[in-house]
Novice: 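Have a look at this one.
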2 protein chains.
Amino acid sequence: MRVTAQRHHIYDAVNRLRHATPETILAEVTAVLPGVNLSTVYRCLEALEAAGLVSHTHLGHTPLTYHAIEDHAHIHLVCEGCGQVVSVDAALAAELRSRVAREHGFDIDPTHMAMAGRCSVCRLGGRDD
Amino acid sequence: MRVTAQRHHIYDAVNRLRHATPETILAEVTAVLPGVNLSTVYRCLEALEAAGLVSHTHLGHTPLTYHAIEDHAHIHLVCEGCGQVVSVDAALAAELRSRVAREHGFDIDPTHMAMAGRCSVCRLGGRDD
DNA sequence: GTATATGCAAAGGGTTTGCACGGTT
DNA sequence: AACCGTGCAAACCCTTTGCATATAC
């Protein structure tokens with residue numbers, strides 16, 4: 001894998017940002033490397049992911065989010081009320097994982113897609129949307 | 001809520017199809033009601049959902065899928081190898097739900113977003129994608 | 001009769017692709 | 001020198017929106 005300035009800075013941006021989207025990564029990288037293109041960001045992220053250096057999570061309605069591999073061991077909870085993203089320990093899904101594996105032979109990765117729900121504030125506040 | 005032929009047929013199509021997407025619903029409805037428009041499908045689904053008659057699930061890379069409310073009590077597992085969608089009882093996530101509720105005050109709806117993973121076939125077959 | 005749904009066409013957001021140029025190895 | 005990565009522009013897919021017409025109430 002070739003080392004280019006773009007890949008380097010994109011990798012750095014992912015490590016620096018929380019819930020980094022291609023757009024926020026582009027903004028971050030452009031500050032130090034003007035002229036970078038969005039499609040380059042997409043292609044670099046793909047390459048970095050194939051190389052096992054970053055990974056992505058689907059949050060739902062928003063664009064894909066990327067994060068460093070080490071940050072990966074949590075489940076993302078997206079509040080349908082306020083959109084807030086809460087991260088919780090992936091170990092909380094251990095029992096679900098083992099039961100699904102046992103009963104259905106399916107190996108779940110609970111970190112790859114967020115789970116929807118309602119945060120405490122929206123739940124108590126009765127916020128509908 | 002007004003009862004129109006479109007809404008009626010779209011509702012029927014959702015009840016008939018599995019993992020109904022707006023496109024597959026359109027095809028189904030067009031067969032019996034030619035000239036229906038995709039945007040009508042989207043708007044009707046929105047109305048039916050607001051009325052509590054259908055609900056939708058995010059499967060990941062694919063378009064939204066709609067289903068009848070009664071069918072709703074399962075978690076969708078999407079295999080990253082073959083794309084297969086497996087449905088399992090939502091009760092399997094009961095412990096995860098209560099722990100997250102207790103520890104984070106967050107009320108998870110495990111049915112709204114699918115969970116990614118690998119089905120038994122792809123796991124054993126070592127399929128990468 | 002009036003408010004709401006529909007069809008159509010166009011726009012929108014996120015992501016992917018084709019191609020020629022430039023940079024890494 | 002060969003190949004891979006980049007910038008640019010256009011295309012792509014899914015979804016939403018504006019507007020005039022048609023329809024349910």
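These numbers come from a predicted model, not from an experiment. Residue numbers start from 1 in every chain, and the chains themselves are labelled A, B, ... in the order their sequence lines are given, proteins ahead of strands.
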Novice: Students often get this wrong, so: under 4.0 angstrom with heavy atoms, is A:Thr21 touching a base, only sugar-phosphate, or nothing?
Specialist: nothing
Novice: Kindly write out the residues that satisfy salt bridge (Lys or Arg N to Asp or Glu O under 4.0 Å) with A:Arg97, not counting sequence neighbours, or none if the list is empty.
Specialist: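 Scan of A:Arg97 (salt bridge (Lys or Arg N to Asp or Glu O under 4.0 Å), adjacent residues dropped) gives A:Asp107.
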Novice: Side chain of A:Gln6: nearest nucleotide among D:dG7, C:dT15, D:dC14?
Specialist: D:dG7
Novice: Of all the nucleotides listed (D:dG7, C:dT6, C:dT15), which has the minimum atom distance to the side chain of A:Thr40?
Specialist: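 Nearest nucleotide to the side chain: D:dG7.
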Novice: Nearest whole angstrom, please: distance from the C1' of D:dT15 to the NE2 of B:His58.
Specialist: 12 Å
Novice: Quick one: which of B:Asp12, B:Val36, B:Val41 gives a side-chain contact (heavy atoms from CB on, under 4.5 Å) with B:Val29?
Specialist: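 With B:Val29 as partner, B:Asp12, B:Val36, B:Val41 yield a single side-chain contact (heavy atoms from CB on, under 4.5 Å), made by B:Val36.
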Novice: So what does A:Leu38 hit on the nucleic acid, given a heavy-atom distance under 4.0 Å: a base, only sugar-phosphate, or nothing?
Specialist: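 It contacts base atoms.
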Novice: What residue among B:His112, B:His19, B:His76 forms ring-ring contact (aromatic ring centres under 6.0 Å, His included) with B:His58?
Specialist: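 The residue from B:His112, B:His19, B:His76 that satisfies ring-ring contact (aromatic ring centres under 6.0 Å, His included) with B:His58 turns out to be B:His112.
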Novice: Any luck finding a side-chain donor-acceptor pair between A:His74 and A:Thr111 under 3.5 Å?
Specialist: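 No.
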Novice: Taking atom P of C:dT6 as reference, at what distance in whole Å does atom CD of B:Glu46 sit?
Specialist: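 Interatomic distance, CD of B:Glu46 to P of C:dT6: 11 Å.
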Novice: Return whichever of B:Pro22 or B:Ala5 has its heavy-atom-nearest nucleotide of DNA chain D closer to the 5' end.
Specialist: B:Pro22
Novice: For B:Arg123 versus A:Phe106, what's the shortest heavy-atom pair and its separation?
Specialist: NH2-N, 4.3 Å
Novice: Over how many whole Å does the gap from B:Ile25 atom CD1 to D:dC14 atom C1' extend?
Specialist: 14 Å
Novice: More than 12 foreign heavy atoms under 6.0 Å from CD of A:Glu46: is that the case here?
Specialist: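 For A:Glu46, atom CD is not crowded (no more than 12 foreign heavy atoms under 6.0 Å).
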Novice: In whole Å, what is the span from the CZ atom of A:Arg2 to the P atom of D:dC3?
Specialist: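 Roughly 10 Å, once rounded to whole Å.
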Novice: Figure out the NE2/P separation between B:His61 and C:dG14, and round it to whole Å.
Specialist: 17 Å
Novice: If you find the nucleotide of DNA chain D closest to A:Arg7 and the one closest to B:Tyr42, which residue's nucleotide is nearer the 5' end?
Specialist: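 Its nearest nucleotide being more 5', the pick is A:Arg7.
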Novice: Measure from CG on A:Leu26 to P on C:dT15 and round the result to the nearest Å.
Specialist: 13 Å
Novice: Please name the pair of heavy atoms, one in A:Ala114 and one in A:Val78, separated by the smallest distance, quoted to 0.1 Å.
Specialist: CB-CG2, 3.6 Å
Novice: Please give, in whole Å, the distance from C:dA5 P to B:His8 NE2?
Specialist: 17 Å
Novice: How sharply is the helix from C:dG1-D:dC25 to C:dT25-D:dA1 bent, taking the axes over five pairs at either end and rounding to 10 degrees?
Specialist: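 It comes to 30° between the two terminal axes.
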Novice: Under 4.0 Å: is that the gap between some side-chain N or O of A:Ser39 and OP1 or OP2 of C:dT17?
Specialist: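 No.
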Novice: Considering only D:dG5, C:dT16, D:dG18, which nucleotide approaches the side chain of B:Arg43 most closely?
Specialist: D:dG18
Novice: Using whole Å, what does the distance between atom P of nucleotide D:dC14 and atom CG of B:Leu45 come to?
Specialist: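 After rounding, the gap between these two atoms is 15 Å.
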